[in-house]
Amino acid sequence: GDSVTQMEGPVTLSEEAFLTINCTYTATGYPSLFWYVQYPGEGLQLLLKATKADDKGSNKGFEATYRKETTSFHLEKGSVQVSDSAVYFCALKGTGANNLFFGTGTRLTVIP
Amino acid sequence: DAMVIQNPRYQVTQFGKPVTLSCSQTLNHNVMYWYQQKSSQAPKLLFHYYDKDFNNEADTPDNFQSRRPNTSFCFLDIRSPGLGDAAMYLCATSRDSGQFVQPQHFGDGTRLSIL
């Protein structure tokens, strides 16, 4: 079945450091891929998405490229800020499916 | 702003006492979802409504039920909450046109505690 494997955390970085959170997936067909962010005490917010191979999703300085050859959708940001501290979830929506499969989440803490 | 609203944000109930969580949306989305998220875990889909059609996940306990009286509202009913049901419950919506992939929009969640 469809699944998402996400880099385990927690991740602690200094402000302005480079961020990578790895995400790989298993799916049949052509899934759509998403990154969601969850700030403390809040629900999930869509950060970015990609719906086909080689698509690059980007938002708020974050980027992720849909790599079908490596079945990956790694999240990157060149310079993190304290306000980026949150839990990041990689998610997959299978072809013809309605529901999302989430990774286990990666907690990011950025220190000044 | 159009959004997904969950009430209440925090709910406390007693062991075995039925509880209802509510979700409303102003997005006019045709699909609504309920997820359960336990501490430090990924959200787990309980069920979803595609328009009026109810879709239950195979491993969702019978203790959990849902109602969607109209497009805007969806309720999660827990008939006899146990200690293991303490979690954050997330409501989400999406517009599924069958052709284009639309992301899910989440509410802020209801944190349920069981005494």
Side-chain angles (χ1 to χ4, degrees), chain A residues 1-11 21 23 25 27 29-53 55 57 59 64 66 73 86-109, chain B residues 1 3-10 21 23-25 27 29-51 53-60 87-111:
Chain A
D2 296 350
S3 66
V4 173
T5 302
Q6 189 174 340
M7 171 178 146
E8 289 191 19
V11 174
I21 301 177
C23 173
Y25 68 90
Y30 302 93
S32 297
L33 301 171
F34 306 84
W35 277 100
Y36 281 84
V37 58
Q38 186 174 33
Y39 297 100
E42 298 183 11
L44 279 71
Q45 298 176 26
L46 178 67
L47 183 59
L48 52 85
K49 69 174 183 178
T51 58
K52 60 183 187 295
D55 265 2
N59 185 26
Y66 187 161
F73 193 54
V87 180
Y88 293 81
F89 290 94
C90 185
L92 172 155
K93 183 175 184 290
T95 306
N98 286 310
N99 54 305
L100 289 172
F101 290 93
F102 286 91
T104 52
T106 301
R107 180 176 299 278
L108 170 67
T109 302
Chain B
D1 288 343
M3 56 199 318
V4 180
I5 302 165
Q6 290 188 244
N7 284 307
R9 289 294 308 276
Y10 301 91
L21 310 182
C23 176
S24 64
Q25 55 131 340
L27 298 161
H29 284 171
N30 59 332
V31 192
M32 294 187 77
Y33 310 78
W34 278 105
Y35 288 86
Q36 179 192 63
Q37 185 182 23
K38 295 190 175 180
S39 182
S40 302
Q41 296 184 20
K44 178 180 177 300
L45 183 67
L46 296 172
F47 25 59
H48 73 277
Y49 274 94
Y50 191 111
D51 295 320
D53 294 333
F54 178 71
N55 298 271
N56 197 34
E57 293 301 297
D59 55 356
T60 297
M88 173 79 88
Y89 290 88
L90 297 168
C91 174
T93 73
S94 69
R95 173 177 298 282
D96 192 333
S97 66
Q99 183 177 4
F100 300 105
V101 175
Q102 302 293 341
Q104 292 183 16
H105 297 258
F106 284 80
D108 283 339
T110 295
R111 183 167 297 283

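Naming convention: chains lettered A, B, ... in sequence-line order (proteins, then strands); numbering from 1 in each chain. Keep in mind it's a predicted model, so treat the numbers as computed, not measured.
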B/E57 CD: over 12 foreign heavy atoms closer than 6.0 Å: yes
A/E42 CD to B/L90 CG distance, which is reported to the nearest 0.5 Å: 11.5 Å
Side chains of B/Y35 and A/L100 in contact at under 4.5 Å (non-hydrogen atoms): yes
Non-neighbouring partners of A/D55 that pass salt bridge (charged side-chain N to carboxylate O under 4.0 Å, His left out), sequence neighbours left out: A/K52
Heavy-atom side-chain contact between A/F89 and B/P43 under 4.5 Å: yes
Heavy-atom contact with chain B under 4.5 Å, split by part of A/Q6: neither
With A/Y39 via ring-ring contact (aromatic ring centres under 6.0 Å, His included) - residues at least two apart: none
Reported CG-to-NE2 distance for the pair A/L46 and B/H105, which is rounded to 0.5 angstrom: 7.0 Å
Contacting moiety of B/Q37, where chain A heavy atoms sit under 4.5 Å: side chain
Check: A/G41 main-chain N/O paired with B/R9 side-chain donor or acceptor under 3.5 Å: yes
Most contacts with chain A, counted as non-hydrogen pairs under 4.5 angstrom, among B/H48, B/Q41, B/Q104: B/Q104
Nearest heavy atoms of B/A42 and A/G103, plus distance in Å: CB-O, 2.8 Å
